[in-house]
Amino acid sequence: MSQTASLAPATGTPYGTLPSASPLPQRKPVSLPRLQEMRDRGEKITMLTAYDATFAAVADAAGVECILIGDSLGMVCQGLSSTAGVTLETMVYHTESVVRGLRRVQGTAWVIGDLPFGSYHESKEQAMRSAAQLLHAGAHMIKLEGGGWTADTVRFLVERGVPVCAHLGLTPQTVHSLGGYRVQGRDEAAARALRTQALELQDAGATMLVLEMVPAALSTEITTALPTCHTIGIGAGKGTAGQVLVMHDMLGINLGKNPKFVRNFMDGAASVRDAMAAYVAAVKDGSFPDDQLHAW
């Protein structure tokens, strides 16, 4: 082999799951104003979880607008029995991994990092320190669970420039106090509390709100009442502003039985990217979720 040939740059990389360079993105970067524009014109917002560079890049290429580094990684990646054991250090690590993957492929998705249990409960100042770590890791927005007391924390973060996604209904970090993975807001008192908490969170400045395992009619009502806080449903019916699923669930590769609200998009798909693209298309055209199959 000639010296010139031996010095030629490699055409591939070891374990080459991501290209070293990619074409210019086909869409503008997702931002808070762009999400509001989607909401205003009635276009559904799509969100999936991802926990590493490669799957994040694939989700972005499939057209997913929002990527959530969820503390669900404790269950699907670490094998924990709940999300309560996930640490902030773990969330920072996975957020950095996702962001690196998106940067490698010039991804444009909006990145949301979960604040894990115990990282924002002591004080607003603790929440700010924890949020700063996720933002330093590359997240655009943080997510926290619960209503009532969290409104003051949300306001404190938003006033300091931290975009916040709230989370009501089934809140997995406190599943033990809820008595298990149960639908929330079935009776009128519980529904009234969710309505009140949702409005408080919007007033505090939250611009997204995950509604998990909330009856479809109540989710639709809350969505209508929140013009500037975009509801993202998971087991909450099709009347929300968008949808989210845990990636492993929608690919049919979780460690247990899929919940009622999940559809296996890998069924019939030729690739993971095709499955994710099918999810995006189904959310956009309103065929997923089907309230008769995936909601209460």
Side-chain angles (χ1 to χ4, degrees), residues 32 35-36 39 45 47 66 68 70-72 82-84 112-128 130-131 141-160 162-244 261 289 295-296:
L32 288 179
L35 292 170
Q36 184 66 58
R39 174 76 183 280
I45 299 165
M47 183 187 296
C66 302
L68 169 65
D71 59 3
S72 50
S82 77
T83 65
I112 305 162
D114 239 341
L115 286 179
F117 184 74
S119 68
Y120 57 97
H121 299 71
E122 293 178 13
S123 65
K124 299 187 291 292
E125 291 77 13
Q126 183 207 24
M128 183 64 213
S130 299
M141 170 181 265
I142 64 90
K143 183 173 81 66
L144 52 75
E145 293 184 5
W149 67 274
T150 61
D152 287 341
T153 299
V154 170
R155 182 173 290 104
F156 186 87
L157 294 174
V158 171
E159 287 175 349
R160 285 154 181 79
V162 180
V164 175
C165 175
H167 186 152
L168 292 176
L170 174 67
T171 47
Q173 292 177 4
T174 55
V175 66
H176 300 303
S177 66
L178 295 175
Y181 295 94
R182 300 177 176 180
V183 179
Q184 304 296 306
R186 282 187 183 273
D187 62 79
E188 182 49 38
R192 185 166 55 250
L194 285 177
R195 293 188 201 99
T196 298
Q197 291 170 358
L199 287 169
E200 289 173 346
L201 289 164
Q202 177 180 251
D203 290 344
T207 45
M208 297 186 89
L209 171 63
V210 171
L211 292 175
E212 183 166 358
M213 291 182 68
V214 173
L218 177 58
S219 295
T220 300
E221 181 183 345
I222 291 173
T223 299
T224 302
L226 303 180
T228 61
C229 183
H230 319 312
T231 56
I232 307 295
I234 177 167
K238 65 193 304 177
T240 51
Q243 296 292 326
V244 63
F261 53 77
W296 289 270

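Position 1 is the first residue of the sequence, and the numbers go up from there.
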Mind checking the [atom1]-[atom2] spacing from [X] to [Y]? Nearest 0.5 Å is all I need.
| X | Y | atom1 | atom2 | answer |
| --- | --- | --- | --- | --- |
| Leu157 | Met141 | CG | CE | 11.5 Å |
| Arg155 | Asp203 | CZ | CG | 7.5 Å |
| Gln243 | Lys238 | CD | NZ | 9.5 Å |
| Leu168 | Thr231 | CG | OG1 | 11.0 Å |
| Ser130 | Ile142 | OG | CD1 | 9.0 Å |
| Met128 | Glu125 | CE | CD | 10.5 Å |

Atom CZ of Arg160: over 12 foreign heavy atoms under 6.0 Å: yes
Over 12 foreign heavy atoms within 6.0 Å of CD, Glu188: yes
Heavy-atom pair with the smallest gap, counting every atom of [X] and [Y]:
| X | Y | result |
| --- | --- | --- |
| Gln173 | Leu115 | NE2-O, 3.0 Å |
| Ala295 | Ala216 | CB-CB, 4.2 Å |
| Gln184 | Leu170 | CG-N, 3.4 Å |
| Ile45 | Cys66 | CG2-SG, 3.9 Å |
| Val183 | Pro215 | CG1-CD, 3.8 Å |
| Leu209 | Cys165 | N-SG, 4.2 Å |

Candidate pair Ile112 and Met208, rule side-chain contact (heavy atoms from CB on, under 4.5 Å), full reasoning: CA-CA 10 Å; Ile112 305 162; Met208 297 186 89; 4.0 Å; yes
For [Y], is there any backbone N or O sitting under 3.5 Å from a side-chain donor or acceptor partner on [X]?
| X | Y | result |
| --- | --- | --- |
| Asp114 | Asp71 | yes |
| Gln197 | Gly146 | no |
| Thr240 | Ile232 | no |

Are side-chain heavy atoms of [X] and [Y] found at a separation under 4.5 Å?
| X | Y | answer |
| --- | --- | --- |
| Tyr181 | Ser82 | yes |
| Leu194 | Glu221 | no |
| Pro163 | Leu32 | yes |
| Arg195 | Leu218 | yes |
| Leu35 | Thr207 | no |

Aromatic ring pairing Trp149/Tyr120, orientation class (parallel under 30°, perpendicular over 60°, tilted between): parallel
Stepwise side chain to side chain donor-acceptor pair (under 3.5 Å) test for Thr228 and Gln202: CA-CA 7 Å; Thr228 61; Gln202 177 180 251; 3.2 Å; yes
